[in-house]
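Written below as structure tokens is the structure these notes are about.
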Amino acid sequence: MSIMYSCSVPSFTSISVSNFTYRRPHRIICSAGAPVAERKAVNTTEPLLLNAVRGEDVERPPVWLMRQAGRYMKSYQTLCEKHPSFRERSENVDLVVEISLQPWKVFKPDGVILFSDILTPLPGMNIPFDIVKGKGPIIFDPISTAAQVDQVREFTPEEWVPYVGEALSILRKEVNNEAAVLGFVGAPFTLASYVVEGGSSKNFTKIKTLAFSQPKVLHALLEKFTTSMAKYIKYQADNGAQAVQIFDSWATELSPADFEEFSLPYLKAIVDSVKETHPDLPLILYASGSGGLLERLALTGVDVVSLDWTVDMAEGRKRLGSEIAVQGNVDPGVLFGSKEFISKRIIDTVKKAGNKKHILNLGHGIKVGTPEENVAHFFEVAKGLSY
């Protein structure tokens, strides 16, 4: 597939941001107030994203768009007309590969993420669900009792989601190490929130009622999700995933004290389990609205903490420390702005993140209706940066 848009940087050469200067068309050079001298050797044998996470010298920050950027693309909408069921699209190897590769073929990001859903493992755990257009996920039999938790099975990926392993293997071959192939899973508390609430929620009263009135029941459910998601991460890695992102989207509905009881220990247990068998697999943690929990997120032991746009990147860097990599954190709404505005925000984010251990990304998933030419511009500017 050919590039759909031709976007240029030179029209924005009037941008002036501290520590960034334009040296030549289509290339933005980041320096510390002086011309860039001799560069250190850069590892080109592995994807840029992996090198950046490990703290190696890279020429620019790797860039990709969190979650499946292809979902907003016109080509994806056309495919949806032929295959209206989300589960069909996400559980068919050919469709998973095709959708996963749509953004790669058009924008050439540094990360290609598997097209799937965090709830995909649920049927294999004896929790039936569906995703209904206009309503989102529906859990057919929401969990509220110890007896129901007892019926939840440990997840066996090889048996229940062989299409995930097949798709990841194909993606590795298709991308051919030009980008990192990413898998992902849901975090225990977020998965528990869905299955207790019966789907998406605005106030999370059911999960909190269970947490505060029957904590042993919730802990038993969280333990089952922890064991299963650790297995699922290892399965994805064994079949081609070069990094895995853990989504704990609803953990920030918890107070810091409750996060320490109902989320943190389970996230840490997953990380510890995975690192025992896959010590070099980068793990990325994302929790939306996590400004109040950043230091606690770092305690999980993940390699990368993904920041949303409500946290200033420089402040987030300072709070997390230099040992952990950061991902993000341009506001997805910025992509509705002018190209000049998009360029300024990208440059500001990269400047604040520094030249080590940063993956450039949005602070959340891309929004429906985002102009594709602005996405193309985002990637063009990002890939034109240079430390």
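All values derive from a computational prediction rather than experimental measurement.
- Between the NZ atom in K224 and the CD1 atom in I143 there is a gap of 8.5 Å [rounded to 0.5 Å].
- Using modelled atom types, no side-chain atom of H358 and backbone atom of A353 make a donor-acceptor pair closer than 3.5 Å.
- With salt bridges taken as basic N to acidic carboxylate O contacts below 4.0 Å, one links K231 and E154.
- In this structure, D331 has no salt bridge (Lys or Arg N to Asp or Glu O under 4.0 Å) partners at least two apart in sequence or on a different chain.
- By the salt bridge (Lys or Arg N to Asp or Glu O under 4.0 Å) test, D141 is found to be paired with no residue, residues two or more places apart in sequence or in another chain being considered.
- Side chain to side chain, T205 and T209 fail the donor-acceptor criterion of an N or O pair below 3.5 Å.
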Stepwise ring pair (Phe, Tyr, Trp, His ring centres under 6.0 Å) test for F262 and F189: CA-CA 7 Å; F262 296 108; F189 181 79; 7.1 Å; no
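- Residues S263 and D248 have side chains that bring a donor and an acceptor to within less than 3.5 angstrom of each other.
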Chi angles and distances behind the ring pair (Phe, Tyr, Trp, His ring centres under 6.0 Å) call for F184, Y232: CA-CA 9 Å; F184 70 94; Y232 194 26; 8.4 Å; no
Please tabulate, for side-chain N and O atoms in residues 123-133, each donor-acceptor pair with protein atoms closer than 3.5 Å (sequence neighbours left out).
| residue | atom | partner | partner atom | Å |
| --- | --- | --- | --- | --- |
| N126 | ND2 | Q151 | O | 3.0 |

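- Counting only N and O atoms by type, the side chains of E166 and N239 include no donor and acceptor under 3.5 Å apart.
- A donor-acceptor pair shorter than 3.5 Å can be found between the side chains of Q327 and Q245.
- Salt bridge present: D57 and K356 bring a charged side-chain N and a carboxylate O closer than 4.0 Å.
- Listed by chain and residue number, E260 satisfy the salt bridge (Lys or Arg N to Asp or Glu O under 4.0 Å) test with R296 (two or more places apart in sequence, or in another chain).
- Atom-to-atom distance recorded for K234:NZ and T277:OG1 is 4.0 Å, nearest 0.5 angstrom.
- The same ILVMFWY cluster, assembled from side-chain heavy atoms under 4.5 Å apart, contains both V53 and I324.
- When the options V274, L50, D238 are evaluated for a side-chain contact (heavy atoms from CB on, under 4.5 Å) with L281, the one that passes is V274.
- With E253 contributing its side chain and N203 its backbone, the two residues share no donor-acceptor pair below 3.5 Å.
- The backbone N or O of S90 sits nowhere less than 3.5 Å from a side-chain atom of S116 that would complete a donor-acceptor pair.
- Between the N374 side chain and the L335 main chain, a donor and an acceptor come within less than 3.5 Å of each other.
- Partners of R87 under the salt bridge (Lys or Arg N to Asp or Glu O under 4.0 Å) rule, at least two apart in sequence or in another chain, are E91.
- Residues S255 and D258 have side chains that bring a donor and an acceptor to within less than 3.5 angstrom of each other.
- Sorted pairs that involve residues 304-324 and meet ring pair (Phe, Tyr, Trp, His ring centres under 6.0 Å), not counting sequence neighbours, are lacking altogether.
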